[in-house]
Structure formats: structure tokens, C-alpha cells
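Beneath this line is the structure, given in C-alpha cells, with notes to follow.
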Amino acid sequence: MKPADSLELPVPTPAGVFAARYSTRGLIALRFPPKRKSSAKPHPAAKVPPGVRRWHRLTAEALRRVLAGKSPASLPPLDLSAGTDFQQQVWRALRSIRPGRTRSYAEIARAIDKPKAARAVGGACGANPVPVLVPCHRVLAANRRLGGFSAGLEWKRLLLQGEGILPTPPDSLTRTQIG
DNA sequence: CCCTAGCGGTGCT
DNA sequence: AGCACCGCTAGGG
């Protein structure tokens, strides 16, 4: 996908400004807010086609809802065509996990009929181009371990806390396990 | 807690 | 073809 075929728009949320990128087919990538402050890189956003504008409203609304622990009312079309067959199978399985619920990597592997591919499932989760809306954060390691998260475990904790899966710590506490 | 072996997909040479 | 990654897991100290 050439850069010229896609455009990127900011998504302000209570958790920071995400960036949504669109191809001609739909939402193709979602990036977490930069860790260190990004000091003004506002996209001019001229010439946004009406279709993309509509998609973007859906993206923004869905993102804010998931961040609030709710189920998105509706999603924009997702362009996940860049993934391998395996990755797309994993991502589809992720989309069936409802808010507030979790699966293990091994359970996802079983669900796509590759029971020994738990580790590869982790790889596919890490390659998920549309985090949050494709809820890779709801996949935990076996026996309640938190597992990993490419964008940083802080984000995974925050998302899980928003859905009531993780207890909200009274204080900033760094743990790698639940309960 | 630690370590180890086994596992499968991906990307690079 | 080989090889070195890994968001893993089960089993054993």
C-alpha cells in the first residue's frame, strides 16, 4: 500500500491522540498515541473524501467506546488484506471476543484449528494493524498471566482495566500477573 | 520463582 | 533451504 493511497487522521480520546490510517478499502491501521509528547504534528487533513470522513467518525466513536469498556456500536470497514492467511484467521478470531471477556493464546490457536500454534498466535496478535478495535488486548497467556503487548504492557493493562478484567490499581503498580 | 524443551509462523539471507 | 527471532505452554526443579 503506497502512502499516496492512504491518509492518516488523528483521533482524540481521553487516553491521548490515536492515529487512524485509511486505504481505499477502509481502516488499515490504528496507532497508539506516542509515548513521549508529540508536540504538534497536526495533520492538515485537506481533501478528505466524504467516505473516509464517514469511516473516521465511526472509528473515533468505536475507539472511544472500547476505551470506555463498551462494545462499539459499529465499526468502519477494516482493510486487513495486508495480513497472511494465518494472521487474518487469528484477527477474525480476536473479533469474536466480547468486551470484558478474554481468551488465551492457546484457545485462539484451537479456535482456528491449529492447536499447537499458540506461540504463532502471539506473533499474529503482535502484527495486528488495528489494535483496540481488533481486540488483541483480550488475549492473555495461559493460567492468567498477562502475556505481552507490542505497544507496551501499560496499554494492555489500561484496556483491560477499562473492561473490568483487571482491577484498577489504587496506585501505579507494575505487575505481570493478574490477581 | 527458575529453567528447559517443544512448538509454528514470519522474515531475512 | 536455513535460521533466528517470538505477545506461548507444559512440565520439572
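Hydrogens, waters and symmetry mates are skipped; everything else that's a heavy atom, side chains included, is used. To find a chain, count down the sequence lines: A is the first, B the second, and so on, and within it residues start at 1.
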Separation of B:dG9 atom C1' from A:Lys116 atom NZ, nearest Å, is 15 Å

State whether the side chain of A:Arg65 and the backbone N or O of A:Ala60 hold a donor-acceptor pair below 3.5 Å, judged by distance alone.
no

Give none if C:dG7 has no partner; otherwise give the nucleotide forming a Watson-Crick or G-U wobble pair with it, both distances under 3.5 Å.
none

What is the distance, rounded to the nearest whole Å, between atom CG of A:Asn143 and atom C1' of C:dT9?
10 Å

Enclosure of A:Arg95 CZ (heavy-atom neighbours >12, cutoff 6.0 Å)
no

Under 6.0 Å between the ring centres of A:His56 and A:Tyr22?
yes

Rounded to whole angstrom units, what separation is found between the CD atom of A:Gln89 and the C1' atom of B:dT10?
15 Å

Please report the distance, rounded to the nearest Å, between CD in A:Gln87 and P in B:dG9.
11 Å

Rounded to whole angstrom units, what separation is found between the CD1 atom of A:Ile112 and the C1' atom of B:dG9?
10 Å

Give each protein N/O atom lying under 3.5 Å from an N/O atom of nucleotides 2-7 of chain C, with the pair distance.
| residue | atom | partner | partner atom | Å |
| --- | --- | --- | --- | --- |
| C:dG7 | N7 | A:Ser150 | N | 3.4 |
| C:dG7 | N7 | A:Ser150 | OG | 2.5 |
| C:dG7 | O6 | A:Cys125 | O | 2.8 |
| C:dG7 | O6 | A:Gly126 | N | 3.4 |
| C:dG7 | O6 | A:Ser150 | OG | 3.4 |
| C:dG7 | N2 | A:Tyr105 | OH | 3.2 |
| C:dG7 | N2 | A:Cys136 | O | 2.7 |
| C:dG7 | N3 | A:Tyr105 | OH | 2.7 |
| C:dG7 | N3 | A:Gly148 | O | 3.1 |

Quick one: A:Ile108 CD1 to B:dG9 P, roughly how many Å, whole number?
15 Å

Looking at A:Val139, is its backbone amide N or carbonyl O close enough to the side chain of A:Lys156 to form a donor-acceptor pair, meaning the two atoms are under 3.5 Å apart?
yes

Nucleotide forming a Watson-Crick or wobble pair with B:dC7, both distances under 3.5 Å
none

Grab the CD-P distance between A:Gln88 and B:dG9 for me, whole Å please.
15 Å

For the residue pair A:Phe32 and A:Trp155, does the interplanar ring angle fall in the parallel (under 30°), tilted (30 to 60°) or perpendicular (over 60°) class?
tilted

Please answer whether the main-chain N or O of A:Ile97 pairs with a side-chain N or O of A:Arg138 as donor and acceptor at a distance below 3.5 Å.
yes

